[in-house]
Amino acid sequence: MSGRVYILPFLFAAAPILTLFANNAGQAHLSETLLPLAAALVLTALLLPLLALLVRGTRRAAVALSLLWFLFFSYGHFSQLIGGLSVAATSLANPRLLLPVVAIVWLVCAALIRRAAAPPHNLAAILLVMVLAMMGTSGFSVAKFYATREAPPAGALLPEEPIVARRTDRMPDIYYIIFDRYASARTLADRYGFDNTPMVDHLRSQGFYVAEDSRANYLVTAQSLASSLNMAHVNVLTESIGTESKDWLPVFGLLSDHRVGRFLKSHGYRYLHIGPEWNATAKNPFADRNFEYRFLPEFSMMFLKTTAAYPILYRFGIGRVDLEKFRRINYQMEVLEELPRREGRPFFAFAHFLVPHGPFVFNRDGTFRGPDIAGAHSELENYLEQLIFVNDHIRSLVDRILAAYPADDQPVIVIQGDEGPYPARTQPHSFDWRQATNEEINEKMRILNAIYAPGCEGFHPAQTPVNTFRILFNCIFDTRLPLLPERSYSYRDLQHLYEFTDVTDRINAASH
């Protein structure tokens with residue numbers, strides 16, 4: 001044991017990262033562990049000799065640092081576990097209480113290790129068995145996940161379909177702008193008591209076609225955008241992946257390497273990507289330029305939130321999800337408004353905004369909606385407050401973009417929701433969408449869908465995103481692509497992502 005004790009704190013630094021990845025293997029790539037892993041190992045290498053000075057030797061320091069990492073990296077999980085317990089009206093998970101307790105526990109352990117007559121080899125052996133068990137369990141889970149994956153590369157997931165441009169005399173800039181969970185005007189009126197007519201009327205006055213009966217093709221962002229950006233229904237994934245899969249990575253692959261981007265880039269378009277914090281669309285490896293605003297990548301931020309450092313950093317505004325989202329959305333909006341003035345043409349700009357999607361960080365006037373304000377209001381009230389802010393921005397954005405182009409060279413602008421908001425009881429991750437009512441399906445699937453495409457025809461009230469670029473490419477490039485059935489699908493649950501059910505008729509039934 002004495003010869004292996006030095007590796008102990010390095011194992012304790014790596015184990016929680018591997019465990020977190022194992023729990024999210026279907027939603028994150030293994031490469032996303034490299035940043036937190038490197039940071040943890042470097043920090044371990046720096047702390048080990050410093051602790052050796054305090055506890056009289058490197059072997060003692062290795063054990064003390066292993067205990068520190070165990071307490072440090074399990075802080076967030078333990079905080080969640082005791083979050084419902086309180087003493088004198090104070091939650092036991094309150095950082096002002098829990099952080100000192102954790103610090104005292106470690107200081108006592110470190111003092112005992114220092115005062116011991118000999119290095120604690122028995123404790124080190126117990127810790128080694130414990131961390132190897134943690135890593136073994138997580139490693140087995142990761143190995144099993146990759147061993148049982150049968151998904152082919154993203155490019156081979158969908159049937160081949162040649163796209164031939166027979167005309168390229170007009171190549172307008174194309175904006176594809178997604179406002180996540182933006183409900184349709186009908187949903188807002190019927191379910192939320194909100195009149196969105198002024199917003200819709202403004203878009204129509206500027207020349208937009210607003211598909212008032214539009215609905216998403218899929219009820220969740222990843223599948224919905226994979227469908228619209230590839231101009232295809234993604235039900236075929238069931239054949240290659242199966243119905244028992246909870247693996248998001250094949251769909252994420254379709255989001256990064258998609259037909260719309262490939263076609264436009266092959267015809268001289270620059271691909272500009274303005275992504276949110278969500279890893280699947282945060283950046284695109286095939287884009288000519290990615291506009292990113294992020295404190296940390298999504299997986300690294302997820303890991304940081306499990307540590308004892310997070311409540312301290314949070315106090316200083318570092319790593320705060322709400323503040324980071326507030327600043328990022330403003331950054332994305334500024335970038336999008338300035339594209340006509342600073343980017344070469346022609347370009348395809350994809351912008352994904354996680355609003356009016358929660359967390360709710362905007363008041364209607366664009367000021368920051370802190371957790372104290374959001375917490376004092378219902379989700380419906382917060383959603384509508386953020387929606388009003390989004391509406392003001394959309395009006396301003398549309399006006400500024402159109403004003404930047406001459407009348408005889410107008411751009412194409414597509415503004416869509418990718419999905420509607422979640423009805424109250426469908427929020428839990430365990431929800432089985434086969435049990436959803438027609439009204440719940442209707443609320444989740446109906447979306448805003450507004451298209452500005454001068455000279456283009458073929459749009460209709462029940463337009464769905466899967467045909468958006470088929471119609472646009474047929475109009476602009478004479479591609480003569482056939483239109484697909486305007487169908488909408490739900491998956492079963494998060495354990496069966498590719499078990500699809502056609503819910504089109506249920507949506508139509510709920511709307512009559």
Side-chain angles (χ1 to χ4, degrees), residues 151-161 163 174 176-182 184 211 213-241 243 245 247-264 273 275 278 280-281 284 286 348 350-352 357 414-420 433 441 444-451 458-460 462-474 479 481-492 494 496-504 507:
L157 285 171
L158 299 176
E160 287 293 330
E161 183 178 18
I163 308 176
I174 300 175
Y176 188 32
I177 308 171
I178 300 297
F179 287 98
D180 210 301
R181 297 189 187 172
Y182 195 121
S184 71
D213 292 327
S214 185
R215 46 191 160 73
N217 296 103
Y218 297 87
L219 61 74
V220 69
T221 298
Q223 294 173 346
S224 177
L225 291 182
S227 173
S228 61
L229 286 168
N230 287 280
M231 302 181 289
H233 289 295
V234 298
N235 302 49
V236 293
L237 298 183
T238 304
E239 299 175 9
S240 55
I241 302 173
T243 60
S245 176
D247 182 4
W248 284 109
L249 297 185
V251 179
F252 290 176
L254 292 174
L255 290 176
S256 62
D257 184 14
H258 51 78
R259 287 174 175 172
V260 169
R262 286 201 305 269
F263 172 78
L264 292 173
H273 191 94
W278 183 48
T281 55
N284 190 292
F286 300 100
F348 166 66
F350 172 78
H352 183 192
H357 186 301
V414 180
I415 299 175
Q416 288 177 346
D418 56 332
E419 55 174 326
W433 280 93
I441 291 288
K444 191 71 184 73
M445 300 295 280
R446 288 201 173 275
I447 57 171
L448 170 71
N449 190 353
I451 303 171
F459 303 111
H460 58 90
Q463 183 79 41
T464 64
V466 71
N467 282 319
T468 298
F469 286 99
R470 287 177 175 269
I471 295 174
L472 290 175
F473 288 174
N474 287 347
T479 52
L481 294 169
L483 299 188
L484 301 180
E486 306 279 13
R487 310 301 294 180
S488 296
Y489 302 88
S490 71
Y491 60 68
R492 176 177 167 182
L494 290 182
H496 304 82
L497 297 176
Y498 304 99
E499 184 178 324
F500 293 108
T501 300
D502 190 326
V503 294
T504 309
I507 297 172

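Side chains included, hydrogens not; waters and symmetry mates left out as well; all remaining heavy atoms used. None of the values given here were measured: they were computed from a predicted structure.
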Colleague: Which atom pair, heavy atoms only, marks the closest approach of A216 to E419?
Modeller: CB-CA, 4.4 Å
Colleague: Main chain of A232, side chain of N230: is a donor-acceptor contact present, judged purely on distance under 3.5 Å?
Modeller: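 The answer is no, because no donor-acceptor pair under 3.5 Å joins these two groups.
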Colleague: Among side-chain atoms of E486 and T464, is any donor-acceptor pair under 3.5 angstrom?
Modeller: yes
Colleague: With side-chain contact (heavy atoms from CB on, under 4.5 Å) as the criterion, how do V234 and V251 come out once you've worked through the C-alpha distance, each side chain's angles and the decisive distance to 0.1 Å?
Modeller: CA-CA 9 Å; V234 298; V251 179; 6.0 Å; no
Colleague: Identify the heavy atoms of R215 and A462 that sit nearest to each other, and give their distance.
Modeller: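 What the structure gives for the nearest pair is NH2-O, 4.5 Å.
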Colleague: To the nearest 0.5 Å, tell me how far D418 CG sits from D180 CG.
Modeller: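 If we round to the nearest 0.5 Å, D418:CG and D180:CG are 4.0 Å apart.
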Colleague: Specify the closest pair of heavy atoms between Q463 and N449, including all atoms of both residues, with the distance to one decimal.
Modeller: O-ND2, 3.6 Å
Colleague: Do Q223 side-chain atoms and L497 backbone N/O form a donor-acceptor pair below 3.5 Å?
Modeller: yes
Colleague: So that I know where these two stand, are H233 and Y489 an aromatic pair - ring centroids less than 6.0 Å apart?
Modeller: yes
Colleague: For the residue pair L219 and S490, what are the closest heavy atoms and their distance?
Modeller: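 Scanning both residues completely, I find the closest heavy atoms to be CD2-CB, 3.0 Å.
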Colleague: Looking at every non-hydrogen atom in both residues, tell me the closest pair between L255 and A280 and how far apart they are.
Modeller: CD1-CB, 3.8 Å
Colleague: Any chance you could measure L481, atom CG, to N474, atom CG, to the nearest 0.5 Å?
Modeller: 5.0 Å
Colleague: Sort out for me which residue in S488, S227, S224 forms a side-chain contact (heavy atoms from CB on, under 4.5 Å) with V466.
Modeller: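 Result: among S488, S227, S224, S227 is the only option passing the side-chain contact (heavy atoms from CB on, under 4.5 Å) with V466.
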Colleague: Between Y176 and F469, is the ring centre distance below 6.0 Å?
Modeller: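 Under 6.0 Å, so yes.
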Colleague: Given 3.5 Å as the limit, does a donor-acceptor pair link the side chain of H352 with the main chain of H273, or not?
Modeller: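 Side chain of H352 to backbone of H273, a donor-acceptor pair under 3.5 Å: no, none is there.
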Colleague: Are any side-chain N or O atoms of S214 and backbone N or O atoms of L448, one a donor and one an acceptor, separated by less than 3.5 Å?
Modeller: no
Colleague: Show your reasoning for whether ring-ring contact (aromatic ring centres under 6.0 Å, His included) applies to F252 and W278.
Modeller: CA-CA 11 Å; F252 290 176; W278 183 48; 5.7 Å; yes
Colleague: Decide yes or no for N235 and Y218: does some side-chain heavy atom of the first lie under 4.5 Å from some side-chain heavy atom of the second?
Modeller: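 Yes, close enough: below the 4.5 Å cut-off.
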Colleague: Is there a donor-acceptor contact under 3.5 Å linking the side chains of S256 and N284?
Modeller: no
Colleague: So, taking the atom named CZ in R259 and the one named CG in L264, what distance separates them when rounded to the nearest 0.5 Å?
Modeller: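 Here the rounded value is 14.0 Å.
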Colleague: What heavy-atom pair brings G417 and I447 nearest, and what distance separates the two atoms?
Modeller: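 Taking every non-hydrogen atom into account, O-CD1, 3.0 Å.
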Colleague: Mark yes or no for whether R262, through its side chain, and D257, through its backbone, hold a donor-acceptor pair below 3.5 Å.
Modeller: yes
Colleague: Establish, from distance only, whether the side-chain atoms of S228 and Q416 form a donor-acceptor pair under 3.5 Å.
Modeller: no
Colleague: Is there a side-chain contact (heavy atoms from CB on, under 4.5 Å) between T501 and W433? Walk through the geometry before answering.
Modeller: CA-CA 9 Å; T501 300; W433 280 93; over 6 Å; no
Colleague: What distance separates N217 CG from L225 CG, expressed to the nearest 0.5 Å?
Modeller: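 N217 atom CG to L225 atom CG measures 10.5 Å (nearest 0.5 Å).
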Colleague: Check whether any side-chain heavy atom of L237 lies under 4.5 Å from a side-chain heavy atom of L254, and answer yes or no.
Modeller: yes
Colleague: State whether the side chain of R487 and the backbone N or O of D502 hold a donor-acceptor pair below 3.5 Å, judged by distance alone.
Modeller: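 No; zero donor-acceptor contacts below 3.5 Å.
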Colleague: Working to the nearest 0.5 angstrom, can you tell me the gap between L229 CG and T281 OG1?
Modeller: 9.5 Å
Colleague: side-chain contact (heavy atoms from CB on, under 4.5 Å), that's the test. Do V414 and L472 meet it? Break it down for me.
Modeller: CA-CA 10 Å; V414 180; L472 290 175; 3.8 Å; yes
Colleague: Less than 4.5 Å apart, any side-chain heavy atom of E499 and any of S245?
Modeller: no
Colleague: Output the distance between atom CD1 (I241) and atom CG (D247), rounded to the nearest 0.5 Å.
Modeller: 6.5 Å
Colleague: Taking the side chain as every heavy atom from C-beta outward, state whether V220 and K444 have any atom pair closer than 4.5 Å.
Modeller: no
Colleague: Using the rule given for side-chain contact (heavy atoms from CB on, under 4.5 Å), can you reason through V260 versus F350, listing the C-alpha separation, both sets of side-chain angles and the distance that settles it, and then say yes or no?
Modeller: CA-CA 10 Å; V260 169; F350 172 78; over 6 Å; no
